[in-house]
2 protein chains.
Amino acid sequence: MGKVYTIHDIAIRLDISKSTVSRALRNHPDVSKETKELVFEMAKKLNYQKNILASNLASKNTNLIGVVIPEIARQHFFAQALSGIQKVAKEKGYIVMVCQSNEELQEEINQVNALVNSRVAGILISLSKETDSYEHLQFAIDRNIPVVLFDRGADEMELSQVTVDDYKGAYDVTKHLIHQGYTNPAHLCGPMSLSISQKRYNGFIDALKDAGLSASNAHVYQCDNLSLDAKDATERLLSLKKRPDAVFCMSDYIAIQVLKVLKDKGIRVPEDIALAGFAGDPITDLMDPTITTVEQPAFEIGVQACRRVIMEAESEDRETLGVINKVLPTKVIERDSTLRV
Amino acid sequence: MGKVYTIHDIAIRLDISKSTVSRALRNHPDVSKETKELVFEMAKKLNYQKNILASNLASKNTNLIGVVIPEIARQHFFAQALSGIQKVAKEKGYIVMVCQSNEELQEEINQVNALVNSRVAGILISLSKETDSYEHLQFAIDRNIPVVLFDRGADEMELSQVTVDDYKGAYDVTKHLIHQGYTNPAHLCGPMSLSISQKRYNGFIDALKDAGLSASNAHVYQCDNLSLDAKDATERLLSLKKRPDAVFCMSDYIAIQVLKVLKDKGIRVPEDIALAGFAGDPITDLMDPTITTVEQPAFEIGVQACRRVIMEAESEDRETLGVINKVLPTKVIERDSTLRV
DNA sequence: CTGAAAGCGCTAACAG
DNA sequence: CTGTTAGCGCTTTCAG
């Protein structure tokens, strides 16, 4: 176990002061080129590594970005968004800490607290489906830690948000279904506590209305993402007297599960029932049939959210910086599961 | 922006010393019950949050566990393992930082360095497929930071490892294929830089040999996980004069892609070609046909790896603690893609 | 059981 | 351009 060197060690060896070493290491302008070179050389020789804890404690700011997402797995979207976040963070010299809330409010609160206690420079969060109070976010704000919501936003707080046009995505895909000649589309929506579920639901309903179809007759069942509800919901749809001729699911994962149930029952997609998902998960293109979905610029959401939180973190005057509410476009990817032959 | 209180603030208000406050907050035995109560009360009243940076700096140890994985997305396995890690970490009062190497050695090195600089208590890592040098791990070890490898191990370093019995999993699934009557199985292996690829390959080959089949005639093509190679590899298999009657893929994701290609070409699974994957990703059960796979105790791997790294981190005498090499069992899940009718 | 004092390793004025 | 002097907020001897 080798010794861990500090700026003190390198100062001693070079017979200069710690401050000069500290400055040199940070490439501060008022250090001569020569001393800088000497310092870097010695640092390298000793394999010096700055103690970030001490550095952050003294400078009162950190290079950490905390990210809280509902779940790391299963959702291609978050993985992609995370990549975007990490790309920007890396460019700007931040390192990111990822935490999962597991879709639980209490866990989300714990994670945010932990991040605040670790004195992160900023927090990026995609709310859990249980989140209906925002004190934990306020807590961070009160400590001057900027919070930016991504994907799953909330209008209850005055916070910057980077989301996707869920409403339009749902509207467009529903319109696509109608254009394809489906007259009785159903919707499997997500938990209404999530604003994205609401927006997708509204998009669905409005598209029906605008096409002159009766929205009140449309069947909508709620299923939580990732649960087995999709199976039950599908069976309920199938047992209706007037069986829907298309199903728009609020997520790709639900769509995949629905497809499974339909195929097991010998129901053909899209001949008997058309199927569309939401999120643009690449897996939808590997299914049989390929599934129509609504693509989201996941990576870009991560990029923009991260840029924003860093800007807020580095801003001297947060007040006049204000908050932004960025809504990125979605795009319907038409695939076999909805295309009439 | 509310004031951020410190132990000093609460000491002043209670007219006691900082040290007592510090001790009380940590529930140190030599503080009277009464003072503790007063301190806790005041802490709560002020909404005091310990500054972890300062705490860690002073005590020279942290409550952070760093985790480096090749990629967060696409692989159900890592997500599950991560959950196991987080469960244990939480129980023991640690918080985990997740980093991605993106399967790149350089990025892995960067991440490990960042973790070391953040003075994490321990590092859990699943090696990237490019990793062929281990100085970055040695670097952590030299700084007295324990490193535990999970899933993707390496025998080049004397480190604790928690892996899965890849050899046996591959052996068993190949045996299963042979039992089902397939006489000419092919294998799509992963990058041979990964020990798991090698082990799965060896398991495949040995199962053939033990069944009296010619291993030298077996077709093996390498495809990197997640790349589009799976398509090419499948086409090469199909264009062989003696077309294989079964394909064992080193990962579920590859299997899914192969299935797609086969179906697009009108080749029936399992009638024309049987198909098996590896990892136990739940998506395999949603495919049509359902795909045979080798289940790994992903969550358990995370749990055990995390327990171990914490044990090593907290050990006074790392030397005599030594290293462990835990190999967890795998289990073949037989599904339609390999079952003869 | 409690307090005083001395740091952890680094940054940040303030002089020169 | 460089050194000196104070801390950041907490933990930790060492006395009492």
Side-chain angles (χ1 to χ4, degrees), chain A residues 2-40 42-43 46-64 93 116-121 143-145 316, chain B residues 3-40 42-43 46-64 93 116-121 143-145:
Chain A
K3 173 164 173 28
V4 176
Y5 294 96
T6 70
I7 51 172
H8 178 75
D9 295 302
I10 108 151
I12 293 275
R13 269 152 241 249
L14 257 33
D15 197 30
I16 56 180
S17 76
K18 287 196 309 177
S19 350
T20 303
V21 175
S22 170
R23 282 189 280 249
L25 255 13
R26 279 173 295 146
N27 229 314
H28 192 103
D30 27 273
V31 175
S32 75
K33 200 151 165 283
E34 297 79 52
T35 19
K36 270 186 191 168
E37 274 167 14
L38 284 173
V39 169
F40 279 122
M42 184 57 74
L46 298 184
N47 203 349
Y48 166 82
Q49 300 288 130
K50 166 195 297 197
N51 184 324
I52 299 196
L53 296 179
S55 169
N56 290 342
L57 178 60
S59 67
K60 287 173 154 299
N61 58 46
T62 72
N63 64 145
L64 280 177
V116 169
N117 293 348
S118 299
R119 301 299 191 268
V120 293
R143 289 183 146 56
N144 206 28
I145 297 174
E316 306 285 290
Chain B
K3 172 161 173 32
V4 176
Y5 295 95
T6 70
I7 50 171
H8 178 76
D9 296 301
I10 108 155
I12 294 276
R13 270 152 240 250
L14 257 32
D15 197 30
I16 57 180
S17 75
K18 287 195 309 177
S19 347
T20 302
V21 174
S22 171
R23 281 189 279 250
L25 254 14
R26 278 173 297 147
N27 229 313
H28 191 104
D30 9 292
V31 176
S32 74
K33 202 151 165 284
E34 297 78 54
T35 18
K36 269 185 194 169
E37 275 166 14
L38 284 172
V39 169
F40 279 122
M42 183 57 75
L46 298 183
N47 203 348
Y48 166 82
Q49 299 288 130
K50 162 192 306 195
N51 183 325
I52 298 196
L53 296 178
S55 169
N56 290 342
L57 178 60
S59 64
K60 287 174 157 297
N61 57 46
T62 71
N63 64 143
L64 279 177
V116 169
N117 293 349
S118 300
R119 301 299 192 268
V120 293
R143 288 182 147 56
N144 207 29
I145 297 174

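Protein chains get the first letters and strands the later ones, always in sequence-line order, with residue 1 at the start of each. Predicted model only: the values in this text are computed from it and were never measured.
The base of C:dA12 has none of its N or O atoms less than 3.5 Å from a complementary donor or acceptor on the side chain of A:S59.
Between D:dT4 and A:S17, no contact under 4.0 Å exists linking OP1 or OP2 to a side-chain N or O. In this structure, A:S55 does not reach the C:dG9 phosphate: none of its side-chain N or O atoms is under 4.0 Å from OP1 or OP2. Between B:S22 and D:dC10 there is no side-chain N or O to OP1 or OP2 distance below 4.0 Å. Of the side-chain N and O atoms in A:K60, none sit less than 4.0 angstrom from OP1 or OP2 of C:dA12.
At a threshold of 4.5 Å between non-hydrogen side-chain atoms, the residues A:V21 and A:M42 do not count as touching. Using a 4.5 Å cut-off on side-chain heavy atoms (C-beta onward), A:L53 and B:T62 make contact. Residues B:N56 and B:L64 are not in side-chain contact: their nearest non-hydrogen atoms beyond the backbone lie 4.5 Å or more apart. Contact of the B:Y48 side chain with the B:V4 side chain is not registered, since no non-hydrogen atoms from C-beta on lie closer than 4.5 Å.
When rounded to the nearest whole Å, the span between CD1 of B:I12 and P of C:dA4 equals 11 Å. A straight line from NZ of A:K36 to C1' of D:dT2 spans 13 Å, rounded to a whole angstrom. The distance from atom CD of B:Q49 to atom C1' of D:dC8 is 18 Å, rounded to the nearest whole Å. Rounded to an integer number of Å, the gap from A:N56 CG to C:dC10 P is 12 Å. To the nearest angstrom, P of D:dT2 lies 11 Å from NE2 of A:H28. Taking atom CD1 on A:I16 and atom P on C:dC10, their separation rounds to 14 Å, with Å as the unit. Residue B:D30 contributes atom CG, which lies 13 Å from atom C1' of C:dG3 at whole-angstrom precision. Between A:I10 atom CD1 and D:dT2 atom P the separation is 13 Å, expressed in whole Å.
Listed for the B:T6 side chain is a donor-acceptor partner under 3.5 Å among the backbone atoms of B:H8.
With hydrogens and angles left out, the side-chain atoms of B:N27 and B:K36 include a donor and acceptor closer than 3.5 Å.
Residue contacts shown for A:T6 are limited to sugar-phosphate atoms, with no base heavy atom under 4.0 Å away. Note on A:Y5: nothing from the nucleic acid sits closer than 4.0 angstrom, heavy atoms only. Contacts of B:S19 with the nucleic acid, taken as non-hydrogen atoms under 4.0 Å apart, include base atoms. Within 4.0 Å (heavy atoms only), A:K50 reaches sugar-phosphate atoms of the nucleic acid but no base atom. Among the atoms of the strands shown, only primed sugar atoms or phosphate atoms (P, OP1, OP2) are found under 4.0 Å from some heavy atom of A:N51. When heavy atoms are screened at a 4.0 angstrom cut-off, A:S32 is found touching the sugar-phosphate backbone but no base atom. Among the atoms of the strands shown, only primed sugar atoms or phosphate atoms (P, OP1, OP2) are found under 4.0 Å from some heavy atom of A:R26.
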What's touching nucleotides 14-16 of chain D from the protein side, N or O pairs under 3.5 Å?
none

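Here the OG atom belonging to B:S59 is positioned 8.0 Å from the CZ atom belonging to B:R26, to the nearest 0.5 angstrom.
Sequence order on DNA chain C of the closest nucleotides to A:T20 and B:T35 puts B:T35 first from the 5' end.
Between B:A43 and B:I10 the shortest heavy-atom distance is N-CD1, 4.3 Å.
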